[in-house]
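Input: a single structure, listed below in structure tokens.
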Amino acid sequence: MKSCCGWRTGLCQSAQAAGPPYTARSLMQYRPTDIEPKWQKAWADARVAEIDVAAPGDKLYMLNMFPYPSGDLHVGHGRNYILGDALYRYFRMQGRAALNPMGWDAFGLPAENAAIKRGIHPREWTLGNIGRMKAQFARWGILYDWSKEIASCEADYYRWNQWLFLQLYKRGLAYRGTAPVNWCPQDQTVLANEQVVDGRCERCGALVEQRELSQWFFKITEYADRLDAGLDTLEHWPEKVKLMQRNWIGRSLGADVDFQVPALGHALRIFTTRPDTIFGATFMVLAPEHPDVQQLIADHPDRAEIEAWIANVRNQSALERQEAGKEGRFTGKTAINPFTEEEIPIWLGNFVLPQYGTGAIMSVPAHDQRDFEFARQYGLPLRVVVGPPDGQPVDVAAMAEAFTFKDENGVIVNSGPIDGLPVPRAIERIIQIIEERGLGKGTVRYRLRDWLISRQRYWGTPIPMIYCDACGLQPVPEEQLPVRLPLDVPFTGREGNPLAKHEAFVNATCPQCSGAARRETDTMDTFVDSSWYFLRFVTPRDDEKIFDPALVNRWLPVDQYIGGIEHAILHLLYARFITRTLHDMGLLQFEEPFARLFNQGMIIKEGFKTPGGSWVPPAEVEWRDNKPYRGDTELTAEIGKMSKSRFNVVPPDELIERFGADTERVYTLFIAPPEKEAAWSDEGVIGAYRFLGRVWNMGAAILNAKVSGDVDPRVIRKMHQTIDAVTSRIERFEFNTAISALMEFSNVLGDAVNAGGGAELREAYETLLKLLHPFAPHATEELWSLFGNDGFILTAKWPVADRALMQEDEVVIAVQVNGKLRGQVEVAAPPEEASVWAAVDANEKIQTWLAGKTIVKKIYVPGKLVNVVVK
RNA sequence: GCGAAAGUGGCGGAAUUGGCAGACGCGCUGGACUUAGGAUCCAGUGGCCCAAAGCCGUGUGGGUUCGAGUCCCACCUUUCGCACCA
């Protein structure tokens with residue numbers, strides 16, 4: 001272990017070492033820990049990031065997704081905030097009026113779990129974590145407008161959740177419904193479909209059960225078409241996210257068709273995306289949950305067995321149901337295929353989903369793989385109605401799988417009026433016929449389901465509804481908001497929601513009849529909190545209304561939204577939905593809340609694993625022959641997400657203590673393109689530190705040196721090239737190459753300083769400081785002030801490149817012979833073709849490659865390359 | 001299974017529209033300054049070769065082209081998303 005001041009000692013001595021001037025004796029040393037807290041305090045004292053939203057200016061709304069206050073942040077979390085801060089500082093220097101707020105997604109399960117485990121109140125635990133995270137943001141040198149801070153667990157925020165709920169309720173967009181829900185026996189709560197991963201609870205991993213419960217829903221499905229169509233307007237969103245949303249919404253074009261069922265006396269309606277194959281529908285399958293099932297099997301001889309089977313299927317989790325494979329039961333009844341007019345058997349099948357379409361399908365086993373498997377299993381007939389374009393007949397008995405022609409390559413056969421049509425045309429035509437004959441209609445269906453917002457949990461927004469025995473369900477009147485979450489509840493960890501046992505909370509007065517009534521004890525999904533918080537940031541202290549429409553319509557949509565890909569679907573979809581509902585209420589002029597979206601990649605790091613699969617702390621790992629061991633056991637290194645269980649978390653404190661926050665920032669941005677996963681390397685950090693040290697020492701040298709004479713024109717050229725490169729790269733989020741451009745410039749500048757300076761060196765150096773500021777804000781502020789500048793470099797003007805001064809005066813042209821590089825020639829800029837060929841002719845080395853050959857072709861790529869093709 | 005993205009030195013990664021592959025950094029090698037170095041500075045660093053010349057080289061195999069990391073076809077690998085959605 002090195003001594004506590006090892007790195008400082010090193011720097012001290014480097015100052016005494018002989019060598020180039022800028023490493024020579026200087027009173028100034030780069031000691032980040034000496035300067036960083038000073039500037040953090042100065043920015044905070046000057047409230048540099050506070051903005052008056054009512055003041056005019058070239059507005060820019062930047063937003064990092066507000067975090068769940070889980071406590072300590074590691075360097076992986078830092079990436080998100082550091083890149084946001086770099087952008088923010090850049091835009092400030094561009095003169096933009098930038099709103100950059102931060103808040104806390106402060107309701108949620110972990111706080112409650114902490115209460116149960118450690119006896120600390122969720123609110124106390126949450127506020128404590130918020131304090132620690134704020135301090136960490138400050139240590140990273142990250143600027144937020146803290147005058148706009150919000151925490152969703154506070155009544156002045158969540159009352160507007162309740163207000164929003166009431167507006168949706170009024171419009172029929174919030175409703176109570178009975179639904180089979182995912183129940184986590186461990187957490188004693190209902191889970192949304194998306195919180196169930198592989199049949200297990202996303203949080204605790206327990207196997208999820210199905211239960212029928214009465215729950216609150218938001219009717220997001222009513223907006224499915226608009227949410228889908230709106231994706232096309234989001235030019236500046238990652239394609240990946242749009243695709244994920246599109247798949248999640250799952251828009252399908254098809255037809256609803258009625259099949260008459262004599263035994264029922266009415267028709268069964270099915271949904272299909274392939275109405276063109278209806279002549280091939282040889283049986284029908286209903287979900288076991290289908291409402292007509294009881295009637296269909298009422299007189300079935302094996303009714304008891306079928307009911308037992310249905311009960312069994314219904315009890316299975318989604319995962320178990322799928323793992324069971326395809327199973328079915330024949331109801332004994334038939335339906336009439338409206339086109340062939342044949343009687344076809346009606347089956348029940350575990351693979352038919354009750355929630356999608358009508359819960360009933362027509363089965364076309366020849367052209368749908370699922371129907372094919374089911375038909376083969378139960379010996380049901382196949383009929384081919386789509387063939388290849390060459391008209392070759394298909395041998396049904398030999399089919400190993402369904403033929404699912406979906407495009408022009410399929411041609412309809414055996415189908416009366418649509419025979420001979422290619423599939424897309426056939427679909428259009430058959431829908432026309434279906435509608436003409438009154439058999440059904442063309443429809444659009446969505447995979448998206450309504451948003452289940454009820455949670456049987458304490459630490460969330462109380463749903464503002466009252467149950468009165470006399471008047472029924474009653475909304476809490478708006479003037480009675482907020483319905484406050486009581487703080488004095490016991491946390492036992494048993495039996496669900498402690499709110500339900502809080503007498504003073506539960507007992508309420510009916511707003512209608514003033515009689516005794518009961519309050520709803522469910523709380524809202526925390527995705528409700530995050531579905532509109534970006535609107536609240538503009539006027540966070542307004543206690544009259546949810547937000548100020550005029551100001552919000554000026555500041556939003558958010559110009560740049562930054563966050564993790566894990567929110568690609570739900571958070572963003574819910575936010576887009578709520579924004580539309582507020583638009584429809586006349587409060588917002590826009591339908592899309594986030595104009596630009598950026599998803600940063602994860603920071604990952606290696607961890608060490610025993611053959612048994614347990615993780616080993618790095619302190620216990622020994623390296624022998626380049627392989628990791630613990631004792632005699634050879635370990636495997638596995639790279640992955642930072643987590644305590646893997647012992648691969650890098651906390652920022654030690655890093656900052658040793659190298660400074662600026663080093664962490666520069667390294668984090670330099671490590672990889674920000675949208676990609678990046679492997680953290682403890683060794684790599686030193687490169688960023690050395691770079692900043694060189695910039696620092698160079699500044700000291702320039703300050704101490706007598707600058708005179710002419711500066712090397714290459715320095716000025718490089719400066720303008722660097723301004724241009726850094727600017728365009730920041731705009732394109734290419735922070736890694738922006739920093740490499742700054743390193744190149746600093747190397748050129750360093751050479752010029754070593755060579756004795758020049759009067760314009762100071763200007764070039766101050767330009768370097770400005771370009772570096774978004775990445776290394778503390779060091780650049782310090783150097784800026786050491787150079788005698790007033791005011792923050794943060795508020796200095798971003799440099800502008802002079803294109804004329806960027807031009808090189810000599811151009812190197814690569815020379816190829818038959819496509820292989822054989823030499824280079826230099827010509828004066830701007831290069832002309834004739835002079836390039838003259839230089840090639842004069843180049844002995846290249847001529848040796850041409851000697852004795854016949855020139856077939858000469859190619860000139862302006863300013864870059866020539867290629868001589870010879871035989 | 002369906003959909004998407006990505007495969008470049010020992011490592012992280014560069015490379016406008018096809019035009020000098022490996023910028024920048026880590027690591028490594030040698031040197032300087034040193035009692036010392038996990039400090040600092042200088043030089044070198046894709047492979048083959050003592051070196052030069054040259055040859056080879058961007059997952060694999062083909063193709064287009066004067067010219068391919070980049071375009072086309074087929075395949076392999078990895079990661080991510082969805083997963084019976086009719």
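Source: prediction; values computed, not measured. Order of the sequence lines fixes the chain letters, A, B, ..., with proteins taken first and strands second; residue numbering starts at 1 for each chain.
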Task: Qualifying salt bridge (charged side-chain N to carboxylate O under 4.0 Å, His left out) pairs with a residue from residues 271-286 of chain A, counting only residues at least two apart or across chains - done: Arg274(A)-Asp276(A)
Under 3.5 Å between N/O atoms: give me all the protein pairs with nucleotides 18-22 of chain B, atom names plus distance.
unit_1: G19(B); atom_1: N2; unit_2: Gln816(A); atom_2: OE1; d: 3.4
unit_1: C20(B); atom_1: O2; unit_2: Gln824(A); atom_2: NE2; d: 2.7
unit_1: C20(B); atom_1: N3; unit_2: Gln824(A); atom_2: NE2; d: 2.9

TODO: Quick one: list whatever passes salt bridge (Lys or Arg N to Asp or Glu O under 4.0 Å) with Glu810(A), sequence neighbours left out.
DONE: none
- [ ] Quick one: list whatever passes side-chain hydrogen bond (donor to acceptor under 3.5 Å, both in side chains) with Arg690(A), sequence neighbours left out.
- [x] none
- [ ] Please work out if Arg822(A) contacts a base, only the sugar-phosphate, or nothing of the nucleic acid, heavy-atom cut-off 4.0 Å.
- [x] sugar-phosphate
TODO: Identify, with sequence neighbours excluded, every residue that meets side-chain hydrogen bond (donor to acceptor under 3.5 Å, both in side chains) alongside Gln816(A).
DONE: none
Task: Results of side-chain hydrogen bond (donor to acceptor under 3.5 Å, both in side chains) for Asn736(A) - residues two or more places apart only - done: none
Between protein and nucleic acid, restricted to nucleotides 11-14 of chain B and to nitrogen or oxygen atoms under 3.5 Å apart, what atom pairs and distances do you find?
unit_1: G12(B); atom_1: O2'; unit_2: Ile671(A); atom_2: O; d: 2.5
unit_1: G13(B); atom_1: O3'; unit_2: Asn736(A); atom_2: ND2; d: 3.4
unit_1: A14(B); atom_1: OP1; unit_2: Asn736(A); atom_2: ND2; d: 3.1

Open item on the list: Mind checking if Asp371(A) touches a base, just sugar-phosphate, or nothing, with heavy atoms under 4.0 Å?
Closed with: nothing
Task: Set of side-chain contact (heavy atoms from CB on, under 4.5 Å) partners for Glu744(A), sequence neighbours left out - done: Lys718(A)
TODO: Scan Val815(A) against the nucleic acid and name what it touches under 4.0 Å (heavy atoms): base, sugar-phosphate only, or nothing.
DONE: nothing
- [ ] Any chance you could encode RNA chain B as dot-bracket? Rule is Watson-Crick or G-U wobble with both distances under 3.5 Å; [ ] for pairs crossing earlier ones, | for another strand.
- [x] (((((((..(((......[....)))((((((.......))))))(((.....)))..(((((..]....))))))))))))....
TODO: Work out which heavy atom in Arg729(A) is nearest to a heavy atom in Ser740(A); give both atom names and the distance.
DONE: NH1-OG, 4.4 Å
Please list, pair by pair, any protein nitrogen or oxygen found under 3.5 Å from a nitrogen or oxygen in nucleotides 26-30 of chain B.
unit_1: C26(B); atom_1: OP1; unit_2: Arg690(A); atom_2: NH1; d: 2.5
unit_1: G27(B); atom_1: OP2; unit_2: Arg690(A); atom_2: NH1; d: 3.3

Open item on the list: Quick check on G61(B): syn or anti? Syn means the glycosidic torsion is within 90 degrees of zero.
Closed with: anti
- [ ] Please name all residues satisfying side-chain hydrogen bond (donor to acceptor under 3.5 Å, both in side chains) with Glu731(A), sequence neighbours left out, ordered by chain then number.
- [x] Tyr90(A)
- [ ] Describe the nucleic acid contact of Ser252(A) in one word from base, sugar-phosphate, nothing, applying a heavy-atom distance below 4.0 Å.
- [x] sugar-phosphate
- [ ] Only counting residues at least two apart or in another chain, list the ones meeting ring-ring contact (aromatic ring centres under 6.0 Å, His included) with His290(A).
- [x] none
